[in-house]
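It should be emphasised that the depicted structure is a prediction, and the values quoted were computed from it without experimental measurement.
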Amino acid sequence: MGKQRRALRLLAAAAVVGAMIGSAGPVLAAEDGGGGGAVVRTDAGPVRGIVSSDHRTFQGIPFAAPPVGELRWQPPRPPQPWTEPRDATVPGNRCAQSPGGGPPSTTEDCLYLNVTTPTTQPHGRLRPVMLWVHGGGNSYGSANDFDTHRMAVGGDVVVITTNYRLGVFGFFGHENLADSGDFGLEDQQAALRWAQRNAAAFGGDPGNVTLFGESGGAFDVCAQLTSPLSAGLFQRVIIESGTCSSNWPRNGVVYGLPASAAFVDVDRVRDNGAALARAHGCAGATAVDCLRRVPAADLANDPLAAGLTPVAYGSVALPERPDRALADGRFHRVPILSGNTRDEGRLTAAFSPQPFTEDRYRGLLADAFGDRAQEVAARYPSSAFGSPGLAWGAVLTDRVWACAHMADDRQLAARTATYAYEFADRHAPTGYFTFPSDIPAGAFHSSELAYLFDVAGFTAVLTPQQQLLANQLIGYWTRFAATGDPNGPGLPAWSPIRDSRVQSLAPGDGGIHQVNSGVEHDCRFWSTLD
């Protein structure tokens with residue numbers, strides 16, 4: 001269980017409409033006499049942040065009212081306005097979440113966001129805005145886990161990281177609760193609306209917002225790409241390691257979890273909500289009111305609410321299953337940057353609760369693929385990969401991640417500009433994680449994050465070549481945010497996806513080049529197996 005929790009922790013690190021935009025005032029140039037930072041006037045009230053040598057940071061800004069008491073399992077409401085400068089030098093609370101994906105929390109008062117901007121003036125123009133949705137399977141994590149100053153300064157952009165309700169607090173459904181199932185998605189939409197109203201006060205362009213996220217956050221970005229309620233809230237999208245068509249076999253993401261998908265029917269979510277209510281003695285017409293009186297700690301630690309949290313489709317926030325919406329062209333026509341890591345599945349493979357033997361590998365294949373397991377074993381023999389664990393990691397990389405990205409990218413590219421990548425630094429730092437000797441980390445799931453951000457609890461010591469790659473990634477991401485095209489001065493050329501060819505991102509001479517991801521990850525085989 002400890003290894004599983006550590007894996008989820010890396011996944012967490014890895015992994016309301018208010019006043020109009022014009023009501024937010026400019027950054028005040030003067031600093032107060034008490035040693036605080038610059039003051040910015042938002043539509044709800046002024047905030048005082050921290051001024052560093054090259055960037056300003058404003059933390060713990062409320063973008064919605066605390067969803068507590070009767071507001072538990074309600075759409076986000078506007079925050080209570082304030083008049084005196086609010087301290088924005090410390091992060092807001094982590095959203096309530098069970099142990100396993102990082103520091104636990106039982107605090108529902110958590111709808112806060114952070115803003116980081118360069119200290120330099122934007123030279124008569126407003127900067128692109130990038131709003132980050134953190135990963136963690138919609139069950140774990142926090143906006144506070146990501147220090148975005150390298151991206152803000154290196155790319156000359158305004159970066160916002162946002163919390164949103166997680167797990168049973170954010171994705172609870174019940175037949176007695178109208179339009180339930182996706183309160184977490186609605187929180188993200190509220191944060192996007194906050195950016196529209198307030199970005200200009202921080203020097204950001206509310207008409208040029210890039211929504212980006214990784215893992216569970218990438219699933220959410222896919223949801224927002226197809227949600228009618230998100231229309232006009234962003235102009236670009238970056239999807240990192242998570243797709244609209246993501247699904248996995250048994251043990252495919254976390255050991256012990258059955259086959260599932262990133263998106264499930266809202267009726268299933270509401271059935272689960274009814275089971276949770278019954279477990280706490282709540283039933284009938286008053287079941288939801290009864291559950292609202294259950295302490296947050298009891299819900300966060302309930303086994304029925306544990307594990308990765310699927311997003312519901314069939315709700316008001318997400319009426320249609322995202323992969324079907326993509327196939328039929330019902331998504332917001334914005335430029336897309338989308339990709340995965342070269343060795344996504346090694347993160348799951350590395351934390352097996354049992355020793356990784358050939359028998360273990362064959363057993364996992366049987367559990368995952370049933371009577372077609374022998375076909376997979378023949379296609380992915382452990383002898384070809386160096387160990388049974390590496391073979392299982394390759395199976396998961398291709399089946400769960402890379403080929404799903406390729407399928408979605410082709411759907412997107414048929415209708416909008418789409419740039420696809422593969423992060424391929426197989427010597428990426430692993431931080432505090434120790435991978436077993438028979439399963440080296442490679443470019444594991446979420447390994448690109450340390451190149452884009454400073455990630456809490458993940459100390460990355462980059463070599464000079466890796467630091468150059470980090471600068472290039474930030475250049476690609478922020479240039480895309482500015483123009484809808486990742487190409488820019490000093491960056492190796494990047495072409496839109498064509499014939500399964502994607503941009504491979506690795507350090508060193510020739511490290512950035514085009515590869516055929518469909519061939520590399522044997523996607524034709526997986527298309528016949530599924």
message = Between Asp398 and Phe525, is the side-chain contact (heavy atoms from CB on, under 4.5 Å) condition met? List the steps.
response = CA-CA 10 Å; Asp398 298 354; Phe525 167 74; over 6 Å; no
task = Start with the C-alpha distance between Trp73 and Ser180, add both sets of side-chain angles, then the distance that settles side-chain contact (heavy atoms from CB on, under 4.5 Å), and finish with yes or no.
result = CA-CA 7 Å; Trp73 301 318; Ser180 59; over 6 Å; no
note = CZ of Arg165 to CG of Asp182, rounded to nearest 0.5 Å, is 11.0 Å
ask   = Just checking, is any N or O donor in the side chain of His521 or Glu422 under 3.5 Å from an acceptor N or O on the other one?
value = yes
inquiry  = Pairing donors with acceptors under 3.5 angstrom, does anything connect the side chains of Asp343 and Thr397?
reply    = no
ask   = CG/Asn471 to CE/Met151 distance, rounded to the nearest 0.5 angstrom?
value = 11.5 Å
Distance in Å, Asn114 CG paired with Thr162 OG1, rounded so as to fall on 0.5 Å steps = 8.5 Å
ask   = Does Ser338 reach the side chain of Glu240, with side-chain heavy atoms less than 4.5 Å apart?
value = no
task = Begin from the C-alpha positions of Asp499 and Arg501 and carry the test salt bridge (charged side-chain N to carboxylate O under 4.0 Å, His left out) through to its verdict.
result = CA-CA 5 Å; Asp499 299 328; Arg501 299 193 69 80; over 6 Å; no
Residues Thr309 and Ser139: side-chain donor-acceptor under 3.5 angstrom = yes
inquiry  = What I'd like to find out is whether the side chain of Tyr313 reaches to under 4.5 Å of the side chain of Pro319, using heavy atoms alone.
reply    = no
ask   = side-chain contact (heavy atoms from CB on, under 4.5 Å) between Ile512 and Tyr476: does it pass, once the steps are laid out?
value = CA-CA 12 Å; Ile512 296 182; Tyr476 280 136; 3.7 Å; yes
query = Does the side chain of Ser215 pick up a donor-acceptor pair with the side chain of His445 at under 3.5 Å?
reply = yes
query = Looking only at heavy atoms, what is the nearest atom pair of Leu229 and Val316, with distance?
reply = CD1-O, 3.8 Å
query = Is there a donor-acceptor pair closer than 3.5 Å between any side-chain N or O of Thr416 and the backbone N or O of Val334?
reply = yes
task = Apply salt bridge (charged side-chain N to carboxylate O under 4.0 Å, His left out) to the pair Asp205 and Arg125, showing each step before the final yes or no.
result = CA-CA 8 Å; Asp205 183 353; Arg125 63 173 178 83; over 6 Å; no
remark   = Nearest heavy-atom contact between Ala190 and Pro76 is CB-CG, 3.8 Å
ask   = Is any side-chain heavy atom of Val400 less than 4.5 Å from a side-chain heavy atom of Pro249?
value = yes
Distance in Å, Asn272 CG paired with Asp267 CG, rounded so as to fall on 0.5 Å steps = 11.0 Å
query = Does the side chain of Trp132 come within less than 4.5 Å of Met130's, by heavy atoms?
reply = no
N/O donor-acceptor pair under 3.5 Å between Trp194 side chain and Asp43 backbone = no
key: Heavy-atom side-chain contact between Pro486 and Leu337 under 4.5 Å   = yes
query = Does the side chain of Ser245 pick up a donor-acceptor pair with the side chain of Asp408 at under 3.5 Å?
reply = yes
Criterion salt bridge (charged side-chain N to carboxylate O under 4.0 Å, His left out) on Arg342 and Glu520, from CA distance to verdict = CA-CA 9 Å; Arg342 177 66 181 83; Glu520 185 178 72; 3.4 Å; yes
Phe58 six-ring face occupied by Arg56 cation (under 6.0 Å, within 45°) = no
ask   = After noting the C-alpha distance and the side-chain angles of Arg410 and Ser500, does the key distance pass the side-chain hydrogen bond (donor to acceptor under 3.5 Å, both in side chains) rule?
value = CA-CA 8 Å; Arg410 286 172 170 164; Ser500 301; 2.2 Å; yes
inquiry  = Please give me the minimum heavy-atom distance between His513 and Val515, naming the atom from each residue.
reply    = NE2-CG1, 3.3 Å
request  = Report yes if some heavy atom in the side chain of Leu233 is under 4.5 Å from a heavy atom in the side chain of Gln189; otherwise report no.
outcome  = yes
task = Measure from the side-chain N and O atoms of Thr478 to the backbone N and O of Ala481, and report whether any donor-acceptor pair falls under 3.5 Å.
result = no
request  = Report yes or no: does Arg94 contribute a side-chain atom to a donor-acceptor pair with the main-chain N or O of Tyr140 at less than 3.5 Å?
outcome  = no
query = Hey, do the aromatic rings of His134 and Tyr164 have their centres closer than 6.0 Å?
reply = yes
Check: Ala420 main-chain N/O paired with Asp409 side-chain donor or acceptor under 3.5 Å = no
Check: Asp425 and Ser447 side chains under 4.5 Å, non-hydrogen atoms = no
message = Take a 6.0 Å sphere around CZ of Arg498 and say whether it holds more than 12 heavy atoms from other residues, nucleotides or ligands.
response = no
message = Assess the residue pair Phe146 and Phe453 against the criterion (ring-ring contact (aromatic ring centres under 6.0 Å, His included)); give the C-alpha distance rounded to whole Å, side-chain angles, the decisive distance to 0.1 Å, and a yes or no.
response = CA-CA 6 Å; Phe146 301 88; Phe453 313 114; 5.6 Å; yes
inquiry  = How close do His332 and Gln224 get, counting heavy atoms only, and between which atoms?
reply    = CD2-O, 3.3 Å
query = Does any N or O in the side chain of Thr57 come within less than 3.5 Å of the main-chain N or O of Thr116, such that one atom is a donor and the other an acceptor?
reply = no
task = Sort out for me which residue in Tyr419, Phe212, Tyr421 forms a ring pair (Phe, Tyr, Trp, His ring centres under 6.0 Å) with Trp477.
result = Tyr421
request  = Specify the closest pair of heavy atoms between Pro310 and Phe171, including all atoms of both residues, with the distance to one decimal.
outcome  = O-CB, 4.0 Å
key: Side chain to side chain, Ile238 and Thr210, heavy atoms closer than 4.5 Å   = yes
task = Check step by step if side-chain contact (heavy atoms from CB on, under 4.5 Å) holds for Leu113 and Thr161.
result = CA-CA 6 Å; Leu113 52 75; Thr161 63; 6.0 Å; no
query = Side chain of His405, backbone of Gly339: donor and acceptor closer than 3.5 Å?
reply = yes
ask   = Are the side chain of Ser227 and the backbone N or O of Ala317 linked by a donor-acceptor pair below 3.5 Å?
value = yes
request  = State whether a side-chain donor-acceptor pair under 3.5 Å links Thr483 with Arg236.
outcome  = no
Backbone of Ala200 reached by a side-chain donor or acceptor of Arg127 within 3.5 Å = no
message = Working to the nearest 0.5 angstrom, can you tell me the gap between Ser446 OG and Glu344 CD?
response = 8.5 Å
request  = Determine the interplanar angle of the Phe219 and Trp401 rings, folded into 0 to 90°, and report it as parallel if under 30°, tilted if 30 to 60°, perpendicular if over 60°.
outcome  = parallel
query = What do you reckon, is CZ of Arg333 surrounded by more than 12 foreign heavy atoms closer than 6.0 Å?
reply = yes
Polar side-chain atom of Asn163 near backbone of Ala143 as donor-acceptor pair, under 3.5 Å = yes
ask   = Any side-chain donor-acceptor pair under 3.5 Å between Asn198 and Arg193?
value = no
request  = Heavy atoms only: give me the nearest Leu185-Ala223 pair and the separation to one decimal.
outcome  = CD1-CB, 3.9 Å
note = Rounded to the nearest 0.5 angstrom, the CG-SG distance for Asn144 and Cys95 is 9.5 Å
